[in-house]
Structure formats: C-alpha cells, structure tokens
Amino acid sequence: MKRIKIFAPATVANLSCGFDVLGCCLDTVGDEMIISITSEPGVRITKLEGADLPLETKKNVAGVAVEALLDNYSEKVGVDIEIFKKIKAGSGIGSSAASSAGAVWAVNHLLDNPFTNHKLIEFAMEGEKLASGNAHADNVAPALLGGFTLVRSYKPLDVIKLHTPQDLVMTVIHPQIEVKTSDSRSVIKQKVTLKQAIHQWGNVGGLISGLFTEDYDLIGRSLEDVIIEPMRSILIPEFQNVKNAAIARGALGCGISGSGPSIFSLCKGMEAANNVANAIEEVYAKTGLEFDIHVSKINSEGIKIIE
Ligand code: HSE
C-alpha cells in the first residue's frame, strides 16, 4: 500500500478586486491528510477529525474530487482518505478547497503524476461545486499551484500562476462565526454597472502589475473592491473598524477573505504584519466574539508532503 501525509494549505480568495478569479496560498494554516492507494477499488473517507463533515464519499468534497480524478484515470485503483481538519468550515480561508485540492494532489503523486497540477484544478473544482453549489477555482488553484493565481477564464479553464513578491505577509482574522459560501453568494446582486466594472478591472490589472513589478504601493492601491465588499461586509461584525485599524497600522490593503467572515490584510514585511495583527486584535477584543488571528508568509509551493 502506498501512502503519504500532506499539508493542504489555507488560501485567501478574491483579494478584494478579483471576485472568483484571484487567490493566494498561505503557509502557516492548513489541514493534514493521509492518503493511501489500495487494491480495493473505490474511494473511502476512513477518518475525519476536527470537523463535523460527512464521511460518505459522494457528500465529502475530498471524496468527489478524487472520484473525478479516477474517472479520468485508465486503471482501477482504490483510495483511502484520512482528513485532519485544522481549517474551520465556513471560515473564508478555503477549508473545502484544502480538502479537495489536497486529496487530488496526493492521489496524483501516489500514482506517479499522470496529471498536471493545472488539470488537478478541474478535479478539485468538483469539491467546490459540492460545497457551495458553484465550481469556483480561486481557492483550489492557489492551493495546487502555490503563490498567487489568476483564473483568466472558466470556459475553457485557463489558470495563470502570478509572481509573489518576497516581502508580502498576510494577516488574517477569523471571527468564530460561520458564514456559508452559498449564503454569502446569495447576497450578491447579479448586475454591475459599467462604472463599477471599469473601477474593478483597473484594480485587477493594477494588482497583477504590482505583483510582477514588486511595487508594494501599487499592490496596496489596487486592493479595493467596489462591487462585492459593500454587499458582503454587512455579514461581518466590525468589518470597517478592522479595515480602518489595519490600514492605520500600515497594511497595504485589507478586505474580505473569500466569502468571509475572515478578513485579510496584506502587509509588507513580518513586522508590519504583526503590528496589524495587534491592531485588529484590539478591535475584536472589545466585541466579546471569539476569533483567531493568523500571520503567514505567502506559500509559493502549495501542498507539501510532510511524511
Ligand atoms: N470566490 C469565492 C466567493 C471564494 O467569494 O464566493 C469562496 O471562498
């Protein structure tokens, strides 16, 4: 029996201006999974610790993602999956993506890499479809490719890995309330004005240019969302106060992480990121709500083998 243990990282999707198209990969937060190839065909979730999620293969995001991979694989093999959740479901830092991307990456590795990481994105998206009703790729792509990624097109799927400036550090606050991605998507109006679209695509271009040229000020100026944030931020306690505190204490930019309730701040350097962590902790300490704060460098590698 072939078996590996992996670290499946958390991810921050959207990055303010890039709803459903931009994302990046974190280093210090992630799930662990043990994946084994067995001779008994079929996909089984044999252990699930740290979350109350379904063990039934077809109801589990890792299960359906691996089934999608095996449907495209020429031989009949079996897969056993053990999941140790550290990323809370509904946190906005890619919990379902970590499970589905981690599972397909590990199975592909154990089968001697019949698929590219870009192809694995398509299989992992089946997990996202199960989790939220929408096969978005902006969490699974950075988990699988590492660093920052752009989904240039969904049909056909065209995902581009972007450059990661060395000094970028992410501070994420996760208020301990659950916001389901499906609920957070349902508050979004389906129409945008041309004026909003112009504002938003200017920022997407600016952010990507800033990443490639390592222009931290340009990255900061571009972390702005005039379409989704005004609609979703009402679901997040103290959002505006956190944002004001983060910017005042030196964050380049601050916004909703994925579908929330987590809030991300992108910073230049570890010192700035820790200062921002202290500032947002002060804001949240007054609310009486439970919360976690993560400070993480950008993980340019993505999923890693740990055993
Ligand atoms: N782009 C997705 C959304 C990410 O904002 O709904 C979910 O983590």
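Numbering of ligands and ligand atoms starts at 1, following listing order.
Every atom of ligand 1 is numbered from 1 in the order shown, and the set under 4.0 Å from a heavy atom of G258 is 5 (O), 8 (O). Which parts of ligand 1 touch R232 is read off a 4.0 Å heavy-atom cut-off, strictly below it: atoms 3 (C), 5 (O), 6 (O). The atoms of ligand 1 that sit less than 4.0 Å from any heavy atom of F19 are 3 (C), 5 (O), 6 (O). Near H136, with a cut-off below 4.0 Å to any heavy atom, the atoms of ligand 1 are 2 (C), 4 (C), 7 (C).
Using a non-hydrogen distance threshold of 4.0 Å, E128 does not register as a contact of ligand 1.
Using a 3.5 Å distance cut-off with no hydrogens or angles, the side chains of H136 and N134 do not pair a donor with an acceptor. Side-chain polar atoms of S259 and T181 form a donor-acceptor pair below 3.5 angstrom. For the residue pair D27 and S296, no side-chain donor N or O sits within less than 3.5 Å of a side-chain acceptor on the partner.
In summary, E282 and R249 engage in a salt bridge, as defined by a charged side-chain N under 4.0 Å from a carboxylate O. One finds a salt bridge joining K58 and E67 here, because a Lys/Arg side-chain nitrogen approaches an Asp/Glu carboxylate oxygen to under 4.0 Å. Between K5 and E32 there is a salt bridge, since at least one side-chain N of the basic residue sits less than 4.0 Å from a carboxylate O of the acidic one.
Residues I236 and I263 have side chains in contact (heavy-atom distance under 4.5 Å, counting atoms from C-beta outward).
For atom 2 (C) of ligand 1, the choice among T11, V140, D20 with the nearest heavy atom turns out to be D20.
At least one N or O atom of D138 sits closer than 3.5 Å to an N or O atom of ligand 1. Between R185 and ligand 1, at least one pair of N/O atoms sits closer than 3.5 Å.
Residue contacts with ligand 1 for N134 are absent, since no atom lies close enough (heavy atoms, distance under 4.0 Å).
In terms of protein heavy-atom proximity, atom 8 (O) of ligand 1 is closest to N139 OD1, 2.9 Å.
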